[in-house]
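Quick notes on the structure that follows.
Residue numbers begin at 1 in each chain, while the letters A, B, ... track the order of the sequences.
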2 protein chains.
Amino acid sequence: MADISITNVIWSFNNKTKELLVLLLKNSEEQMWGLPTTYLRKTENAEESSLRLVREKIGVDLPLVNTEQLATFTDIHRAKKRELALTYMIYLPDMPGLVPGYGADDAQWFSIKPSSENYLLQHGKLSFETLDENIDRNEFYLQSDLFKNSNGLISDHALILRTAFNRIRNRLDYSPTILRILGPTFTLKKARIIYSILLRVSLTEIDNSNFRKTHKRLFLEVGTENIKGAGRPGKVYRLK
Amino acid sequence: MADISITNVIWSFNNKTKELLVLLLKNSEEQMWGLPTTYLRKTENAEESSLRLVREKIGVDLPLVNTEQLATFTDIHRAKKRELALTYMIYLPDMPGLVPGYGADDAQWFSIKPSSENYLLQHGKLSFETLDENIDRNEFYLQSDLFKNSNGLISDHALILRTAFNRIRNRLDYSPTILRILGPTFTLKKARIIYSILLRVSLTEIDNSNFRKTHKRLFLEVGTENIKGAGRPGKVYRLK
DNA sequence: GCTTTAAAAGTAAAAAGTACCTAAATAACT
DNA sequence: AGTTATTTAGGTACTTTTTACTTTTAAAGC
């Protein structure tokens, strides 16, 4: 009856600029940016489809455990034809190189950058106007009411992206899976950078010492940083 | 391509026996119990479909805000034909009367009752064998690995039910929407009963006084109980 | 009025969170 | 080599929250 699309929100991290990234593709037909999307095949379940999409667009072959269901969007008017969007989230370290692939003219990592209270899509920085705090609470109901295409993204991909952002933020306290974008291990500094972006506060507002205390239950110490640089080398952790 | 089914996990509460209830229907064809299910129509989104199902089975007409997306199950072999299950949760007070309706031979409220470590489906009591604590964390990945039909429920409805149970339990601390089954207002005693069932501890293990202190941020006092009975009448609250 | 029951309210100790400071480890500079 | 700047680990005292337990209050039944 309806077409089944699989849409991925793929997160990564720029180690040089310390930016939180999300992957967008430029649609050949409409020349608008949107999230990577494919169609579910007869022979695969949605998780497999989501990972196939990653393989096709980024050339990375991930095990099943690396994709995580976000939500399903079913609004009648969300696409030209009736189409359900089964959305997934994926966390990739190292900001892999991109190739546009079939149906896309361009592929780019967009930086999620808080600008005062808002996020704006400008100059390669992705940002939402008045990121609605209530979306996560309401994301499962009234999707049609929340439907707004305010960011110049294709279809309802702005809504999907906000839902993803809020989900990640709400999970920060007990399951900060977003830290996977830092690779298998990470320093507390990098973790704090991610937290500061998601919580939209400056890095100094997240106290180094207190962050260590309140989060050590989530992290496991596995060694010490061995990179060159000024200052004491940080300890290296991984997610428990 | 695939059929789209809408499956509801409908929760309620028995005010006399103080039991947490879930609605199951007996399938005419297979003579097995399962969750209420319908098929998505061209003219409706999934939330509307979920509420139509409630209306058809229980005769209650709810506003859109009363259904909440649980997860989408896409395993290739989850049904005889390829069929995606978009699942929703609904909280109904007063344990409404039931009519089997089309395709069902019986409709019943089943009590979720913890028996030691396990939950067993016996004598109208619904229960899971070794309710896996990890399902919620993993529910969005590896669904096919978790697929087990261990409760005599149709298809993968046992998995759906466990996913629902774990979701509710994890949300208890910050968004105890399950308390809607108590009606618009409730006493702390009743809230504690729900918590004790979900956390699988005895009522006395949830201290009355401390429960009040730790949960007052979630509840709003709206008056005092005016029912007849021994003991001081409890205050009445509603969800903030 | 006294006893029983059930819930609200109080108290003190423990645990967790917060603001701020000191110590340690490294690089760069004189 | 010794000093300084930089960065992160670790410590301390204070505040808030949670927890275990006790007391008070408000009703019903006799």
Detail all sub-3.5 Å separations between protein N/O atoms and N/O atoms belonging to nucleotides 10-17 of chain C.
{"unit_1": "C:dG10", "atom_1": "O6", "unit_2": "B:S209", "atom_2": "OG", "d": "2.5"}
{"unit_1": "C:dT11", "atom_1": "O4", "unit_2": "B:K213", "atom_2": "NZ", "d": "2.5"}

(message) Just to verify, what does B:F13 make a ring-ring contact (aromatic ring centres under 6.0 Å, His included) with, not counting sequence neighbours?
(response) none

Atom-pair distance ([atom1] on [X]; [atom2] on [N]), nearest Å:
{"X": "A:E205", "N": "C:dC20", "atom1": "CD", "atom2": "P", "answer": "13 Å"}
{"X": "B:L203", "N": "C:dA7", "atom1": "CG", "atom2": "C1'", "answer": "12 Å"}
{"X": "B:E225", "N": "D:dA27", "atom1": "CD", "atom2": "P", "answer": "11 Å"}
{"X": "A:F211", "N": "D:dG11", "atom1": "CZ", "atom2": "P", "answer": "19 Å"}
{"X": "B:K235", "N": "D:dT25", "atom1": "NZ", "atom2": "C1'", "answer": "11 Å"}
{"X": "A:I206", "N": "D:dT8", "atom1": "CD1", "atom2": "P", "answer": "14 Å"}
{"X": "A:E221", "N": "D:dT8", "atom1": "CD", "atom2": "P", "answer": "15 Å"}

Protein-nucleotides 2-6 of chain C N/O pairs closer than 3.5 Å?
{"unit_1": "C:dT5", "atom_1": "O2", "unit_2": "B:G231", "atom_2": "N", "d": "3.2"}
{"unit_1": "C:dA6", "atom_1": "N3", "unit_2": "B:R232", "atom_2": "N", "d": "3.3"}

(message) Can you tell me how the ring of B:F211 sits relative to the ring of B:F219, calling it parallel under 30°, perpendicular over 60° and tilted otherwise?
(response) tilted

(request) Mind telling me whether A:W33 and A:F110 have parallel, tilted or perpendicular rings, with 30° and 60° as the class edges? (result) perpendicular

(message) Applying side-chain hydrogen bond (donor to acceptor under 3.5 Å, both in side chains) as the test, list every pair that has at least one member in residues 219-236 of chain A; sequence neighbours left out.
(response) A:E221-A:K235

Non-neighbouring partners of [X] that pass salt bridge (Lys or Arg N to Asp or Glu O under 4.0 Å), sequence neighbours left out:
{"X": "A:K26", "value": "none"}
{"X": "B:R55", "value": "B:D61"}
{"X": "A:R238", "value": "none"}
{"X": "A:E56", "value": "A:R41, A:R52"}

(message) On the nucleotide C:dA27, are OP1 or OP2 found under 4.0 Å from the side-chain N or O atoms that A:K228 carries?
(response) yes

(message) Let me spell it out: for each of B:G234 and A:P233, pick the nucleotide of DNA chain C with the closest heavy atom. Which residue's pick is nearer the 5' end?
(response) B:G234

Counting only pairs under 3.5 Å, give me each side-chain donor-acceptor contact of residues 188-195 of chain B, with atom names and distances, residues two or more places apart or in other chains.
{"unit_1": "B:K190", "atom_1": "NZ", "unit_2": "B:N15", "atom_2": "OD1", "d": "2.7"}
{"unit_1": "B:R192", "atom_1": "NE", "unit_2": "B:I206", "atom_2": "O", "d": "2.9"}
{"unit_1": "B:R192", "atom_1": "NH2", "unit_2": "B:L203", "atom_2": "O", "d": "3.3"}
{"unit_1": "B:R192", "atom_1": "NH2", "unit_2": "B:I206", "atom_2": "O", "d": "3.0"}
{"unit_1": "B:Y195", "atom_1": "OH", "unit_2": "B:L172", "atom_2": "O", "d": "3.1"}

